[in-house]
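Throughout, numbering of the chain's residues begins at 1 and tracks the sequence.
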Amino acid sequence: MRSLLFVPADSEKKLPKALASAADVVILDLEDSVALADKPKARRLACEVLSSPRGRAKLFVRVNDLSSGLTGADLDAVAAARPDGLLLPKSESGADVKRLIAMAHLPVLAIATETAASMFNLGTYGDCGPELLGLTWGMEDLAAALGAQSNRDAQGRPTAPYDLARTLCLIGARAAGVEPVDGVHANFRDLAGLEAQCRDAVRDGFTAKMCIHPDQVAVINRIFTPSPEAIAKARRIVEAFAQAGDAGVIGLDGEMLDVPHLKAAKALLARVAS
């Protein structure tokens, strides 16, 4: 899982384009991109997509948040069609994830930074079980919750509260043993900025990224796919440690490597194999 593409589930024009993209996951959105009056249509079209022959992409559904009063109707419409997962917006803690899992009996990916309260609970997702697939973060709803005039500085970079949300999402996901998924790059025409953001995300430990336009998918897939050189080096690290027996530190190509390097190499190879 590298790229996760949102598409409004009520858009008969956008749905085929999203499904024809190279995204690893297509997220049929029933929440923010769909007006209240159009939610019945979105549920119907999402169910039709889920019930049709599927391509290579996994199909997730973003339901409305648990406080909206709409989640039950969302699940009534789509759960029987067995989406590959649900995206839970405005999750405030692991308890919200467990509640949705109990309601739907489906895997869940949670957007874990969209309310003020959620920022204090990024360490609560560790006991959600294997149905929790990962955590991701968002800054638009959080900015509204904080009463911010803007969530970006004069250079277009996220300001401190939103950098904190990103960091806590990454740490919370790793603490819970699930995938950390980077948030969207909202300017879908700015592919250079997207590439820079993807490289930063890979550097910091994220394994996938959300997106809002099919044109963003190729960039995300390319950068979140480990290079042949990185794979070869990871294999050499694992082999070198195996040959060294129980050594805590080894030398390879003039570089001293210890157990954290071995863990990182094994994690990269596991991603490639999955």
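- Under the 4.5 Å side-chain criterion, counting only non-hydrogen atoms from C-beta, Leu28 is not in contact with Pro83.
- Here the CG-CE distance, from Leu164 to Met119, works out to 4.0 Å after rounding to the nearest 0.5 Å.
- Using a cut-off of 4.0 Å between Lys/Arg side-chain N and Asp/Glu carboxylate O, Lys41 and Asp38 are scored as not salt-bridged.
- Counting heavy atoms from C-beta outward, Phe188 and Asp215 have side chains that stay 4.5 Å or more apart.
- Around CZ of Arg189, the count of heavy atoms belonging to other residues, nucleotides or ligands within 6.0 Å does not exceed 12.
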(message) Apply side chain to side chain contact (heavy atoms under 4.5 Å, CB included) to residues Tyr125 and Leu132 and explain how you reach the verdict.
(response) CA-CA 8 Å; Tyr125 291 89; Leu132 177 61; 3.8 Å; yes
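- Considering Asp76, Leu66, Leu88 as possible partners of Thr71, the one that fulfils the side chain to side chain contact (heavy atoms under 4.5 Å, CB included) test is Leu66.
- In plain terms, the two heavy atoms of Ser91 and Ser118 that are nearest each other are O-CB, 3.4 Å.
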(request) Determine, stepwise, if the pair Leu142 / Trp137 fulfils side chain to side chain contact (heavy atoms under 4.5 Å, CB included). (result) CA-CA 9 Å; Leu142 181 59; Trp137 69 285; over 6 Å; no
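- Summarising the local packing, CD of Gln149 is surrounded by 12 or fewer heavy atoms from other residues, nucleotides or ligands at distances under 6.0 Å.
- Taking a 6.0 Å sphere around NZ of Lys58, one finds it holds 12 or fewer heavy atoms contributed by other residues, nucleotides or ligands.
- Side chains of Pro161 and Leu146 form a contact here, defined as non-hydrogen atoms less than 4.5 Å apart.
- For the atom pair OG1 (Thr207) and CG (Leu268), the distance works out to 11.0 Å, reported to the nearest 0.5 Å.
- Using a 4.5 Å heavy-atom cutoff, the side chains of Lys90 and Ser67 are not in contact.
- Within the model, atoms CG of Asp29 and CD1 of Ile212 stand 11.5 Å from one another, a figure rounded to the nearest 0.5 Å.
- Between Ile220 and Met210, the closest side-chain pair of non-hydrogen atoms is not below 4.5 Å.
- Within the model, atoms CG of Leu30 and CZ of Arg62 stand 9.0 Å from one another, a figure rounded to the nearest 0.5 Å.
- The main-chain N or O of Leu269 is never found under 3.5 Å from a side-chain atom of Arg235 such that the two would form a donor-acceptor pair.
- Contacts classified as salt bridge (Lys or Arg N to Asp or Glu O under 4.0 Å) and involving residues 106-129 (residues at least two apart or in different chains) are given here: Lys98-Asp127.
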(request) Applying side chain to side chain contact (heavy atoms under 4.5 Å, CB included), run through Val181 and Phe206 and close with a yes or a no. (result) CA-CA 6 Å; Val181 179; Phe206 287 94; 5.6 Å; no
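- Panel note: side chain Thr124, backbone Gly94; a donor-acceptor pair is recorded below 3.5 Å.
- Taking all atoms of both residues into account, the shortest heavy-atom contact from Phe60 to Leu133 is CZ-CD1, 3.6 Å.
- A salt bridge (Lys or Arg N to Asp or Glu O under 4.0 Å) check over residues 217-226, counting only residues at least two apart or in different chains, returns the pairs Glu195-Arg222.
- Taking Lys233 as the reference, Glu255 meet the salt bridge (charged side-chain N to carboxylate O under 4.0 Å, His left out) condition, with sequence neighbours excluded.
- Listed here is the closest heavy atom pair of Ala201 and Arg166: CA-NH2, 3.6 Å.
- Judged by distance alone, the side chain of Thr113 and the main-chain N or O of Ala165 form no donor-acceptor pair under 3.5 Å.
- The closest donor-acceptor contact from the side chain of Asp74 to the backbone of Asn64 lies under 3.5 Å.
- Here the side chain of Arg2 pairs no donor or acceptor atom with the backbone of Val217 at under 3.5 angstrom.
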(request) Check the pair Asp141 / Asp32 against side chain to side chain contact (heavy atoms under 4.5 Å, CB included), numbers first and verdict last. (result) CA-CA 10 Å; Asp141 283 288; Asp32 279 351; 3.2 Å; yes
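- Judged by distance alone, the side chain of Asp84 and the main-chain N or O of Leu59 form a donor-acceptor pair under 3.5 Å.
- Residues His185 and Gln216 meet the side-chain proximity criterion, which asks for heavy atoms closer than 4.5 Å.
- Under the 3.5 Å distance criterion, the side-chain polar atoms of Ser51 are left unmatched by any main-chain donor or acceptor of Glu48.
- Between Lys209 and Cys198, the closest heavy-atom pair is CD-SG, 3.6 Å.
- In this structure, NZ on Lys263 lies 14.5 Å from CD1 on Ile237, to the nearest 0.5 angstrom.
- With hydrogens and angles disregarded, a donor-acceptor distance shorter than 3.5 Å links the side chain of Asn221 to the backbone of Ala22.
- Remark: side-chain polar atoms of Ser11 are not paired, donor with acceptor, to backbone N or O of Pro8 under 3.5 angstrom.
- Between Leu50 and Val78 the shortest side-chain heavy-atom distance falls below 4.5 Å.
- The number of heavy-atom neighbours closer than 6.0 Å to CZ of Arg236, taken from other residues, nucleotides and ligands shown, is 12 or below.
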(message) Between Thr115 and Glu92, is the side chain to side chain donor-acceptor pair (under 3.5 Å) condition met? List the steps.
(response) CA-CA 7 Å; Thr115 72; Glu92 294 203 331; 2.9 Å; yes
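- At least one donor-acceptor pair under 3.5 Å links the side chain of Lys39 to the backbone N or O of Val34.
- Residues Cys211 and Leu4 fail the side-chain proximity criterion, which asks for heavy atoms closer than 4.5 Å.
- Within a 6.0 Å radius of CZ in Arg44, more than 12 heavy atoms belonging to other residues, nucleotides or ligands are found.
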